[in-house]
Number of protein chains: 2
Amino acid sequence: MAPSDHDCPLSRKLRTHMPLARADLAILADLHARRRTYPAGADMIFEGQAAHPLYILYEGWASSYKLLADGTRQILDFQIPGDSLGLNSMLFQTADHNIEPITDIVASEIIIGDVAGFYASSPTLATALLWAAARDQAMVVEHLINVGRRDAQRRTAHFLLELGARLILVGRGTRQGYDCPLSQYLLADALGLTAEHTNRVLRQLRQDGLVTFRDGRVVFDDLEGLIKLADFDMGYLDHGVLLR
Amino acid sequence: MAPSDHDCPLSRKLRTHMPLARADLAILADLHARRRTYPAGADMIFEGQAAHPLYILYEGWASSYKLLADGTRQILDFQIPGDSLGLNSMLFQTADHNIEPITDIVASEIIIGDVAGFYASSPTLATALLWAAARDQAMVVEHLINVGRRDAQRRTAHFLLELGARLILVGRGTRQGYDCPLSQYLLADALGLTAEHTNRVLRQLRQDGLVTFRDGRVVFDDLEGLIKLADFDMGYLDHGVLLR
DNA sequence: CGCCGTGTTGAAATACATCAACAGGAGTGG
DNA sequence: CCACTCCTGTTGATGTATTTCAACACGGCG
């Protein structure tokens, strides 16, 4: 097993939560072999699709979203390296939302015959996958609270902080900031705002010296202030990486 | 096993999704034995609690919610008979939200040593539980879309329809309507609106002849119209009970 | 060169929140 | 029995956050 396998985003993320035996690491390394690239913009999983596959994302960003009858879009979450694509909806027989790469991505398809069998062969990893699913759930819950009860400024601040915390976990960000391929339109569709208003909110946050979102990069100009503004609490991510 | 055991809300809900063997029904019936009542208003699970129990709700309504620093509350979902309390957060070591009975409720506590063992002893029921968890997730997702991308009218309409569909599944509602113990304040905290605005929206919906929310009862005055207004699609609940 | 995606700004419209007040019923203690 | 409070529902007036509509600037890319 090459050293790089221990540094893959998924293994990194899982190891912050639970120790992994050598056999488990081997299984993770095994997944590396099957990875390939998928182009930005082409849906990999779409709503209503039966028996879709499960992917582990290695490089690049994706988005899970749903379209409404009036053409508007709600982005449920962005997926970053180490995240799974289509895990939740795998338990259903059909996917309940779409998943589309934002950038070109590198991912590997996983075939799990049945969950029970997977539990027998690799209980640790199966538990880890369940943990990941629960974490996804917690993320959507926090997103709901964000959209339901915070105004545009706090909502945006909270979202950028959450992304930062997740990226730090997989070694793609620091307390100074992170690279971020999102357009303001994508951000708006995630926050439940219009692109114009998102633009104004970002300007305000920048002028207040809190955070700069520009040219594919997020810079935390005043991390403490931003955390305070957003009422940001990492408990639901199970790790206070931003605060250490 | 008494006939009533086959009619318990959980068994009813599960059987719409998958067949249950006699052994599984026996396990479900077993849960009946341990049920007891819990009073309205007293939290059964609270945020940050470690190793909390798991309950199956038999009678009455509960709510899962989170409080923000400024004192506002976002209700994530209401639980009705047949739903579980605390399933998602059981996978985490600590609960990530509070659960509080809205009415006096009847529920039974479930002890699951470890998920893997449960899979060995009763794979069908374990899978059913996972399915229930995935369904909860889908519900939160739809709730997010509701709050993020629908105006107050459509949002309220959609929410009342969703509750109706879930209640029909467990025999607590019809296409005419259902009994609903929610106050306008609770409804507002679920919808991300103020109680005053919720009141105005409900009046509008009533005056438009679509739905009447009053005196603990929801009446669908014009189900078709309401479904159309709300852009309501039952796919994510896996059953089109309202439309049959 | 023209076009399209993205970012940016302004003015007007509106959905929703906030603040304030009142009405009725249910409980509670006198 | 009354007086009292609390909870819920209801309505009005006003304020404001956000949307909508419109326009333009810029770079990349055909």
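Quick note: numbers below take in every heavy atom, side chains included, and nothing from hydrogens, waters or symmetry partners. Given the structure is predicted, the values throughout are model-derived calculations rather than measurements.
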Measure [atom1]/[X] against [atom2]/[N] and give the value in whole Å, please.
X: A:D215; N: D:dC26; atom1: CG; atom2: P; answer: 15 Å
X: B:L205; N: D:dT10; atom1: CG; atom2: P; answer: 13 Å
X: B:R155; N: D:dT18; atom1: CZ; atom2: P; answer: 13 Å
X: B:D151; N: C:dA17; atom1: CG; atom2: C1'; answer: 16 Å
X: B:R214; N: C:dG24; atom1: CZ; atom2: P; answer: 14 Å
X: A:D189; N: C:dT6; atom1: CG; atom2: P; answer: 11 Å
X: B:I102; N: D:dT8; atom1: CD1; atom2: P; answer: 11 Å
X: A:L182; N: C:dG5; atom1: CG; atom2: C1'; answer: 15 Å

For this session: Tell me which of A:E196 and A:R150 sits closer to the 5' end of DNA chain D, going by the nucleotide each one is nearest to.
Result: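 Result: A:R150.
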What's [X] touching, base or sugar-phosphate or nothing? Going by heavy atoms closer than 4.0 Å.
X: B:S183; result: sugar-phosphate
X: B:R200; result: base
X: B:A195; result: nothing
X: B:G192; result: sugar-phosphate

Exercise. C:dT8, D:dT18, C:dA17: which one has an atom nearest the side-chain heavy atoms of A:H197?
Worked result: D:dT18
Problem set entry | Test item: side-chain donor near acceptor, A:D221 and A:T212, under 3.5 Å |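 Per modelled atom types, A:D221 and A:T212 side chains form a pair under 3.5 Å.
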Problem set entry | Pair B:D83, B:Y58: side-chain N/O donor-acceptor within cut-off below 3.5 Å |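 Note: B:D83 and B:Y58 side chains miss the donor-acceptor criterion.
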OP1 or OP2 of [N] less than 4.0 angstrom from a side-chain nitrogen or oxygen of [X], does that happen here?
X: A:R203; N: C:dT9; value: yes
X: B:T194; N: C:dC16; value: no
X: A:N199; N: C:dT8; value: yes

Exercise. More than 12 foreign heavy atoms under 6.0 Å from CZ of B:R172: is that the case here?
Worked result: yes
Problem set entry | Salt bridge flag under 4.0 Å for residues B:E142 and A:K66 | yes
For this session: Give a yes or no on whether the backbone of B:A138 and the side-chain of A:D96 come within a donor-acceptor separation of less than 3.5 Å.
Result: no
Problem set entry | Residue mapping more 5' on DNA chain C - nearest nucleotide basis, A:R149 or A:Y185 | A:Y185
